[in-house]
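Below you will find the structure I want to go over with you.
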Amino acid sequence: MRIKGGKNEQHKEQCKKNRRLLTKLERRNRAFELVQSSMSATQRQYASEVLYMDYMSSEDSDYEEIEDPITEERERKLACYITKKLPWEKTSLTSLKSRLDRAYHNSLSSHARAMSKPRKVGGLSTRPAPEGPSWAVRQPDDETA
């Protein structure tokens, strides 16, 4: 049905995005296990409140065109991931997620680090804010970080 309607490629892209979000959540949960012993009880409580899909920023694939020097055929190769900033995310949540991302990255072998694709911020997400804790989620009338 999707193939007839021309929506198969769109479906594949959405599945990839959802898988990346789930993978990101799994990486952060793994990092939390690594660093929770060095966190205060309050920091552990905060992390447990936001380690859910609703708080993971979306990522889009960014491709580059590469020409095969022998066949001269052009192909698309994944260059990096473009992360969409969550406009409702407070600085305290951003800091927590960055800490977990660094812990995960540092836990990788040198080969795995070299193989991982870089990520860069590009654009704002249009996803609405979850009904989350006030320390993490900026409310529409809240201008503080």
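Treat the numbers as computed from the prediction; the structure is a model and nothing was measured.
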CD/Glu65: more than 12 non-hydrogen atoms of other groups inside 6.0 Å: yes

Does a donor on one side chain and an acceptor on the other come within less than 3.5 Å for Thr23 and Arg28? no

Considering non-hydrogen atoms only, spot the tightest contact between Lys120 and Asp62 and give its length. NZ-OD2, 3.7 Å

Do Lys24 and Ser57 get their side chains close enough for a donor-acceptor pair, meaning under 3.5 Å? yes

Could you go through Ser38 and Arg99, starting from their C-alpha distance and side-chain angles, then the distance that decides it, and tell me whether this counts as side chain to side chain donor-acceptor pair (under 3.5 Å)? CA-CA 12 Å; Ser38 65; Arg99 179 179 181 185; 3.2 Å; yes

Between the side chains of Gln14 and Asn18, does any donor sit under 3.5 Å from an acceptor? yes

Nearest heavy-atom neighbours spanning Arg113 and His105: NE-O, 3.1 Å

Would you say that Arg127 contacts Ser58 through its side chain, given a criterion of any heavy-atom pair below 4.5 Å between the two side chains? yes

Min side-chain heavy-atom separation Arg20-Ser61 under 4.5 Å: yes

Please check if any side-chain donor atom of Glu49 sits under 3.5 Å from a side-chain acceptor atom of Trp135, or the reverse. yes

Should Arg119 and Glu59 be marked as a salt bridge (Lys or Arg N to Asp or Glu O under 4.0 Å) after you check the CA-CA gap, both sets of side-chain angles, and the distance that decides it? CA-CA 9 Å; Arg119 286 166 167 74; Glu59 294 179 333; 2.6 Å; yes

Can you give me the closest heavy-atom contact between Ala129 and Val137, atom names plus distance? CB-CG1, 3.8 Å

Does Glu64, at its CD atom, have more than 12 non-hydrogen atoms belonging to other residues, nucleotides or ligands within less than 6.0 Å? yes

Decide, yes or no, whether a salt bridge links Lys12 with Glu9 under the criterion of side-chain N to carboxylate O below 4.0 Å. yes

How far apart are the closest heavy atoms of Asp60 and Lys17, and which atoms are they? OD1-CE, 2.8 Å

Are Val35 and Tyr104 linked, directly or through other ILVMFWY residues, by side chains that come within less than 4.5 angstrom of each other? no

For Ala31 and Leu100, which heavy atoms make the closest approach, and how far apart are they? CB-O, 3.1 Å

